[in-house]
Amino acid sequence: MKLFAPTVLALALGTAFAAQAATPADTLVIAQSIDDSSSFDPAEGFELTAVQAFTNLYQRLVQPDPANPTDLKPTLASSWEAGSDNRSLTVTLRDGAKFASGNPLRAEDVIFSLSRVVKLNLDPSFILTQLGWSKENVDSHLKKIDDQHVQISWDANVSPTYVLSLLAAPVSSIVDEKTVMANEQKGDLGNKWLAAHSAGSGAYQIRRFVPHEVVLLSANPTSPDGAPKLKNVLIKNVPEPAARRLLLEQGDADIARNLGADQMAALKSKAGVKTLAVPMASLYYMQFNIDAQPALKNPALWEASRYLFDYKGIANDLLKGQFQVHQSFLPEGFLGALNDNPYQYDPEKAKAILKKAGLTNVSFKLAVSNQPPYLDIAQALQGSFARGGVKIELIPGLSTEVATNVKAHKYEATLNAWGADYFDPNTNAAAFAYNPEDGSKTLAWRSNWHIPELSKQTLAATAESDKAKRIELYENMQREVQKQSPYVIGLQARNLIAMRDNLKGYVQGINPDMVYYSQVSK
């Protein structure tokens, strides 16, 4: 199997692999699939490989504390102060911070970084345009006060607390304007160059990127948070989980990511290896299109379905630890997440609920991706619902086809997954509990679920600055959706990872960007 180009191997590791059946002492070698990656520009990259790299390549003004992610810590900002109008933040920049190029951090870099996201208008830009920013007005909302202070303002009715969450997202990474603009092509604000290069202040910088083969990161010894402990991070493209497992087992990789249950089971008994199952901000749920047929509009079917989802059987027996039971729309680890699971599989109770409501011979079609684990879960649901007297006809299809039909309301029910776009509870509340009736294709809209009061609560939560009050708002919304909605939220995914047991200091959190290499040692 060709895992990376010989030139990159020579550049990264010399003859280390040929000389020993172990990875070099100064290099972290990771085996995973990187076929998803098309750009390492934080204004564009939204795929898993790129997002996992951003925290190591770039810094934001504020970032989640790895030890307690719901708390934001100053990073390239040393402090901030909200304006009296609750529509602005004045940020004080960290003194003495430099980019990997050696250029000092300037107020101009902050303004350039945030404005270019909006002006490029690529996939992640919606995170910042929530503030009411547009290509036409963003420059008026970003103001240099002096060399150490930047004022950030917005039009949307959201609190400074919420804005800080958005500024902590990977898309808000601060780039070195001088380096980026020196590589601009035809007015692209450096986008093409940043696809395969970096211009940040993080612990590492991109040394080489060969699509579908390898990403090589080298240490940035001048990073404001200090030099990383290892000189290199080498990420090999190894598409097959079985091959990733073999590389780890043989000592040719330090970390193997995104393994399956079979690989994890085989590695648990291997000497020199330790395994991790890290909760991910990815929820698997079933939803109904309540206008597709009368039975699907009946709340009794929604309630009965909560007792026909075989949560533990799917999570523990079918998928063997790749998932954990989770029944609320905020994943475990998010601010305000409800982690109690009030429902359990009980087909007899479901039958009683349906009988009381006069629902008999209920059946519906379930659109589902033909890829694992979706089809596996759907087949399990077909069996568990049948034992409660509800017939499910599976309609497998390509993921893109299923998504297109759901967005067009051409479905009766679907099984899907929802991942967080940024680390704030609004990312999920705005999907599950918000239908503004303005054409926004939220999950509630896709269900034809009309919820003016819940939508008001969702907006109120983004406007609330008090942390305790925000938590209370999100807890109340989750309970309402959990109790009566056209969704059955059942599972939270886990990222199955294995590593050599000589590694220390590796940290991975719930969101894809919460991958930290700087403190890893061997």
Side-chain angles (χ1 to χ4, degrees), residues 261 277 279-288 290 295-296 298-334 336-364 366 368 372-392 394 413-418 428 432-433 443 447 449 474-494 496 510:
M280 301 164 58
S282 179
L283 301 177
Y284 282 64
Y285 61 93
M286 188 172 71
Q287 76 178 98
F288 297 112
I290 66 176
L296 304 182
N298 195 321
L301 176 61
W302 307 347
E303 183 184 7
S305 296
R306 286 161 170 70
Y307 294 101
L308 293 176
F309 196 117
D310 187 4
Y311 307 96
K312 292 182 179 178
I314 294 172
N316 301 333
D317 301 329
L318 176 66
L319 298 172
K320 302 183 187 302
Q322 296 178 72
F323 291 83
Q324 62 191 47
V325 177
H326 190 81
Q327 297 174 353
S328 60
F329 68 68
L330 289 183
E332 178 185 329
F334 269 58
L338 289 180
N339 297 318
D340 57 326
N341 297 309
Y343 298 100
Q344 58 186 0
Y345 183 52
D346 189 341
E348 293 306 315
K349 186 165 187 174
K351 286 179 182 178
I353 293 168
L354 294 173
K355 183 177 180 180
K356 184 177 180 181
L359 291 173
T360 57
N361 300 318
V362 176
S363 65
F364 59 83
L366 184 69
V368 61
Y374 299 98
L375 190 55
D376 300 323
I377 296 172
Q379 289 170 340
L381 292 175
Q382 187 179 43
S384 65
F385 271 66
R387 288 188 285 277
V390 176
K391 181 181 178 181
I392 294 179
L394 299 184
T414 188
L415 174 75
N416 217 326
W418 184 262
N428 279 24
F432 288 91
L443 296 183
S447 284
W449 192 36
Y474 286 116
E475 286 179 343
N476 290 340
M477 282 189 280
Q478 285 172 94
R479 288 192 180 97
E480 187 166 344
V481 170
Q482 197 176 59
K483 184 177 180 181
Q484 185 166 292
S485 71
Y487 320 116
V488 184
I489 302 167
L491 304 165
Q492 180 171 345
R494 289 171 169 165
L496 303 185
I510 184 173

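All residue numbers in this chain count up from 1 along the given sequence.
Pairs engaging residues 375-387 under the side chain to side chain donor-acceptor pair (under 3.5 Å) rule: Tyr345-Arg387 [sequence neighbours left out]. For residues 322-331, the side chain to side chain donor-acceptor pair (under 3.5 Å) pairs, not counting sequence neighbours, are Gln324-Glu332, Gln324-Arg494, His326-Ser328, Ser328-Gln478. The salt bridge (charged side-chain N to carboxylate O under 4.0 Å, His left out) contacts involving residues 351-361 comprise Glu348-Lys351, where partners must be two or more places apart or lie in separate chains.
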Anything under 3.5 Å between a donor and an acceptor, one on a side chain of residues 307-317, the other on a protein residue two or more places apart or in another chain? List them.
from, atom 1, to, atom 2, distance (Å)
Tyr307, OH, Lys349, NZ, 3.4
Asp310, OD1, Gly313, N, 3.3
Tyr311, OH, Arg306, O, 2.6

Contacts table for residues 280-287: side-chain donor-acceptor under 3.5 angstrom, sequence neighbours left out:
from, atom 1, to, atom 2, distance (Å)
Gln287, NE2, Tyr411, OH, 3.3
Gln287, NE2, Leu443, O, 3.3
Gln287, NE2, Ser447, OG, 2.7

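Here OH of Tyr374 is found 15.5 Å from CG of Leu394. Values are rounded to the nearest 0.5 Å. Separating the CG atom in Asn339 from the CG atom in Asn341 is a distance of 7.5 Å, to the nearest 0.5 Å. Atom CG of Leu330 and atom CD of Gln492 lie 10.0 Å apart (nearest 0.5 Å). To the nearest 0.5 Å, atoms CG (Leu381) and CD1 (Ile392) are separated by 5.5 Å.
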| request: Could you go through the side-chain contact (heavy atoms from CB on, under 4.5 Å) check for Leu319 and Ile377 one step at a time? | output: CA-CA 9 Å; Leu319 298 172; Ile377 296 172; 3.8 Å; yes
| task | Could you walk me through whether Leu301 and Leu354 pass side-chain contact (heavy atoms from CB on, under 4.5 Å), step by step? | result | CA-CA 7 Å; Leu301 176 61; Leu354 294 173; 4.2 Å; yes
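The shortest distance between side-chain heavy atoms of Gln482 and Ile489 does not fall below 4.5 Å. Side-chain atoms of Ile290 and Trp302, non-hydrogen and from C-beta on, do get closer than 4.5 Å to each other.
Of all non-hydrogen atoms in Gly333 and Ile510, the two that sit nearest each other are CA-CD1, 4.1 Å. Shortest non-hydrogen contact noted between Leu415 and Ala378 is CD2-N, 3.8 Å. The two residues Ile353 and Ala300 have their closest heavy-atom pair at CG2-O, 3.5 Å. Across all their heavy atoms, Ala413 and Phe288 have their closest contact at CB-CD2, 3.7 Å.
Using cut-offs of 30° and 60° for the angle between ring planes, the Phe432 and Phe329 rings count as parallel.
With sequence neighbours excluded, the residues that form a side chain to side chain donor-acceptor pair (under 3.5 Å) with Trp418 are Asn428.
Within a 6.0 Å sphere centred on CG of Asp340, other residues, nucleotides and ligands contribute more than 12 heavy atoms.
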